[in-house]
Number of protein chains: 2
Amino acid sequence: MSVGIRHDDLRRRNRAMVIAAVRRAGQPSRTEIAATTGLSHSTISAISSDLIGEGILTESKPSEAGSLKRGRPQVGLGLNPEAAAVMTVVLSLNFLSVAVIDYAGQVIAEEQRRLDTLTMSRDALIGECTAIVRRRLEDPDLDVRSVARIALAIQGITDTHARAMLWSPITPHTDIAFADILEDEFGIPATMENDCNMMAIALRWRDPDRYRDDFIAILLSHGIGMGLVLKGELFTGTHSSGGEFGHMIHRPNGALCRCGRRGCVEAYAGNYAIWRNARQLGEDAEPVADVSDADMRALATAARERDGPEREAYRKAGEALGYGLGSLFALIDPAPVAMVGVSAAAFDLIEPALRKAIAQTAGGQHSKSISFDTEPNELPLIREGCAMRALTFVDQEIFAPGVQARAGSVGKNVA
Amino acid sequence: MSVGIRHDDLRRRNRAMVIAAVRRAGQPSRTEIAATTGLSHSTISAISSDLIGEGILTESKPSEAGSLKRGRPQVGLGLNPEAAAVMTVVLSLNFLSVAVIDYAGQVIAEEQRRLDTLTMSRDALIGECTAIVRRRLEDPDLDVRSVARIALAIQGITDTHARAMLWSPITPHTDIAFADILEDEFGIPATMENDCNMMAIALRWRDPDRYRDDFIAILLSHGIGMGLVLKGELFTGTHSSGGEFGHMIHRPNGALCRCGRRGCVEAYAGNYAIWRNARQLGEDAEPVADVSDADMRALATAARERDGPEREAYRKAGEALGYGLGSLFALIDPAPVAMVGVSAAAFDLIEPALRKAIAQTAGGQHSKSISFDTEPNELPLIREGCAMRALTFVDQEIFAPGVQARAGSVGKNVA
DNA sequence: AGTATTTTTTCGAGGCTCGAAAAAATAGAG
DNA sequence: CTCTATTTTTTCGAGCCTCGAAAAAATACT
C-alpha cells in the first residue's frame, strides 16, 4: 500500500520538480518555474540556489536579445552539461550502437558496430556489449568524469523492473540480465528497456503538443512492436514490458507467426509477412529471418505501380493493423498513433485498409479523427528515448535522492 | 505536468493515509498504523487525536478478549459510523436499486424497484432515479444527517470523469449526465461509474490477498463487460470508462453483435450469443433483447446433459473469451480473472475451450497457471464497489481536504 | 538622473514530522 | 499486595520546509 510522506521527502520531491521543469522548458527563469510548479518564489529561489551550488544547474544570461520588457531581466536556468553523463546502448538486429550524452542532452561521443546477432553465442553477444561500453568509458579523448547511468534498449520483451531481456527476435538466447551484467562490470546503474517504449518516450520529448498524455507508437519492422503512453505514463505489463500488440490475435488459427503461433497481427503486418504474401508463399510458409530495407522499399514501389500480390499484401497488413488497433481502442479509447520503421514509409499503401478495418470496430467509432503520423527511421528515436530515460533517472534518483524504496508505488513510469 | 508539493499538502496526505489504513485494517492500533504507513508514532498520535476529535474515528476497547501480551494494551481505532453516510444507486436492466451506507460501511437502508428500462422515456428514467434517491434521503425513519456522496453504477460506457453515462445497453437513450443531474437536484456530490469497474473494486476489498495489484473482473451476462485493475489502480480509457473487452474483435466480419458490428467477443460469449448458437439461429440472427436467467440455466443444464448445439454454443463462447483474453494478456501480461454473472455459473462448460484458445496465444504462455474464480451474482458486488468508491471519496476529499485540483495527476483511480 | 517595473533574494512566522523521554496501562514475580 | 518488566501512547523540543511580505537588484522609460 502507499506509504506516508515524510517531512524530508518534501524537499526531495520539489527539487526533482524543479529539475524536471528545467529539463522540459529549456531555459526557464525562476519565475516561470514558480508558475509551472505552483510553488512560491521563495521556495524556487532556495532550491535553485542549492542546485546551482551543487553544480547541477547553471545560470545563463538572458538568451533572447530582444528583452523588450521593463524590469529586471529574467535569468534563465539551464542544466549544467558537466553535471553528469549517461550512456545509451541500442541493440538491434545485427547492429549495436552506443552513445555518450551529457547532462544537458547533447551527444558527446558515439560508436556503432555491425554484428551477426542471430548466430552469435550468448557470451559473445554479452561480450560485445560490455566491450563497446568499456571502450567508450575508457576513451581518453573524452573527459567523461561520471557516467551516472546506462540505458540499454532491445527489440523484444524485457521484464517489468527493466533488469533483463526475456526474449528477443534478434537472438536465439533468452533471459539475459543485461542490466545486472553491466552494473557488475562497471559499477554504473543500468536498465534494460524495450525499444518501442523508448520510441514513445522520445516522441513525447520531440513533440509534447502532439504526444502528451495518451498516444501510441507502433514499430512496423520485421516484427511489430508497440510503445504506449496512457495518462502521461508509460504503460507496461505486470510482469514484462508488455504491450505486445504484434501478438494480439487477428485471426484465430490464421497465418503462421514468427513466434510459432498462428493468427497474430504480426503474421500479417510484419515485414516477413508482407514479403510472404507478396511472394504468394502461403500463410503456412516459414517466416524468413530478415528482409532488407531495400527489398521492402522495392516491394512498396511494386505495390504502388500495379494492382498485384504486393498491393494485396499491404492491404492485408493494413487490415490486420486496423482490427488490432480497433481492439486496442476498445480497451483504451482512441489516441494519436505514430507509425515508425521501414514500413511506415509505405503507410500510404497500408492506410486505406487500416481505416476500413478500424471503422468496423467498436474502438474505431470516430475513425476519421484518429491521426496517424509516420517516421521511417526508428533508431534515432530509440536512442533519444534511452537518453531521456537515463537522464530523468539521474534527475530523480541521483540529484534528488532521499526516499527509501519501499513496497508500493515506487518507480512510476513517467515517460 | 505534475505540481509541487505544498507544505500543507503534507498533513492532508498523511491524514488520508491514516484514514485509509483504518478502513483497510478494521481496528488497527496506532502502533500498527505507524508500522504500515512508515510514519512516526508521534505523527500518528497527533493525526489520530485530531481525527477522533473531529468525530471521524473512534476508539474501541481492545476487541480481542485474549490480550495475552504484557504491556499496555493496544486500543483499536475504528471508523465512526456516524461520521457520514453515502448512497449507492445501481441501474441495471429493468432494475433499480439504492442503498444507504454508513461511514463504517454498513448498509442502513435500501430500496429496490423493477422498471422497464428498455422502453422508458429519457425523462422517466431520470425521474425514477431522482425519485428513489429523494425517498431515501427524506425517509424519517432514518436519521441520515449527512449523505456526503452518491455513487451510481450502470452497465455500459461512462465518461472518464465519472460524470455521465455515454451509452448503455439497458436504455436506448445516450449521454445522460446522471452525476450532474443528482448534484443539481440534491446538492450532494455524485459520480457515475461503470458497473464492471465497481465489481473490480469490490473484489479487491473482499479478497485483497487474491485481488491485489493486477486482476481482471469479467461480467458474463447479456453483454460482456470488464473491470481491470493494473498496478493497484483501476484502469480506465482516456475518454471513457474503457475496458470494452466485449467489443474486442474475435473474428473479423464474424457474428453479428448487439452493438451493430461484427465479430466482437460479445457476439460469441454474451447470453444472447450463446442463446442464438444453442438455438442454431445463425450468426446473422438479430440479437434478442433479453434472455432470462432461468433460460440460461436451462441451457447450461442441457449442455451438461448431452453433446448438442447447447454445448457447442458454450464451446464457442469459451473460444471467443479465450482468444480475447489471450490478446488482452499480450498487452498486460496474465493476471487472475474473476468471472462474474449468470454465465459464470456455467464456467465449467466454458473453461475447456477457453483454456485451449488461450494456450494458442502469446499472452497465454503459461495458461495453466492463470487462475479463474467464479461469482454468479453481480449485483451485490456492484453495490459493494459503489459503496467503497463513495466512502473512499469521502475519506479523501471531505475528511482530508485541502489540495487544490490542478491540471495533472489529479484523481488517481485507486481501486 | 529619477521613476516605474519586473525579477530575485531575504527574513521571520507558522506548520509538520521526528526522536527521545515521559506517561499510561497491563501481566507476571515474589 | 507490591514491585518490576513490558508495551503502547502522549508530550515536548529540535530541525526542516514552505510561505508571504518586504527588501534588494536590475533594467527600461521619461
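Chain letters run A, B, ... following the sequence lines, proteins first, then strands; residues in each count from 1. The shown structure was predicted, so the numbers you read here are calculated from the model rather than taken from an experiment. Heavy-atom basis, side chains included; hydrogens, waters and symmetry copies ignored.
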Go through the structure and list residues passing ring pair (Phe, Tyr, Trp, His ring centres under 6.0 Å) with A:His7, not counting sequence neighbours.
-> B:His7

Please name all residues satisfying side chain to side chain contact (heavy atoms under 4.5 Å, CB included) with B:Arg210, sequence neighbours left out, ordered by chain then number.
-> B:Asp207, B:Ser371, B:Asp373

Closest non-hydrogen atom pair, B:Thr36 against B:Ala21 | OG1-CB, 4.3 Å

Has B:Asn14 got a side-chain N or O lying under 4.0 Å from the OP1 or OP2 atom of C:dC16?
-> no

Partners meeting ring pair (Phe, Tyr, Trp, His ring centres under 6.0 Å) with A:Phe393 (sequence neighbours left out) | none

Send over the distance from A:Leu10 CG to D:dC19 C1', rounded to a whole Å.
-> 12 Å

Whole angstrom value for the distance that separates C1' of D:dT18 from CD1 of A:Ile33 | 16 Å

Starting at atom CG of B:Asp9, determine the distance to atom P of D:dC17, rounded to an integer number of angstrom.
-> 16 Å

Give a yes/no on whether any side-chain N or O of B:Ser40 is located under 4.0 angstrom from OP1 or OP2 of C:dT17.
-> no

To the nearest angstrom, the CZ-P distance between A:Arg11 and C:dT17 comes to 17 Å

Contact letters for nucleotides 9-14 of chain D, in which S counts primed atoms plus P, OP1 and OP2 and B counts the base, heavy atoms under 4.0 Å | BBB---

B:His41 and B:Thr31, any side-chain heavy atoms less than 4.5 Å apart | yes

From CA spacing to verdict: salt bridge (charged side-chain N to carboxylate O under 4.0 Å, His left out), B:Arg149, B:Glu183 | CA-CA 9 Å; B:Arg149 184 118 204 161; B:Glu183 284 186 6; 5.5 Å; no

With distance as the sole test, does A:Arg389 use its side chain to make a donor-acceptor pair with the main-chain N or O of A:Glu193 at under 3.5 Å?
-> no

Return the angle between end axes of the helix from C:dA1-D:dT30 to C:dG30-D:dC1, with five pairs used per end and rounding to 10°.
-> 20°

Can you tell me the distance, in whole Å, between the CD1 atom of A:Ile5 and the P atom of C:dC18?
-> 11 Å

Taking distance alone, no hydrogens or angles, what donor-acceptor pairs closer than 3.5 Å link side-chain atoms of residues 45-52 of chain B to residues at least two apart or in another chain?
unit_1, atom_1, unit_2, atom_2, d
B:Ser48, OG, B:Ile44, O, 2.5
B:Ser48, OG, B:Ser45, O, 3.4

Rounded to whole angstrom units, what separation is found between the CD1 atom of B:Ile47 and the P atom of C:dG15?
-> 16 Å

Atom CZ of A:Arg15 and atom CG of A:Leu10: how far apart are they, to the nearest 0.5 Å?
-> 13.5 Å

Roughly, in whole Å, what's the span from CZ in A:Arg13 to P in D:dC17?
-> 15 Å

Counting side-chain heavy atoms from CB outward, which of D:dC17, C:dC18, D:dT6 is closest to B:Arg70?
-> D:dT6

To the nearest angstrom, how far is B:Arg6 atom CZ from D:dC17 atom P?
-> 17 Å

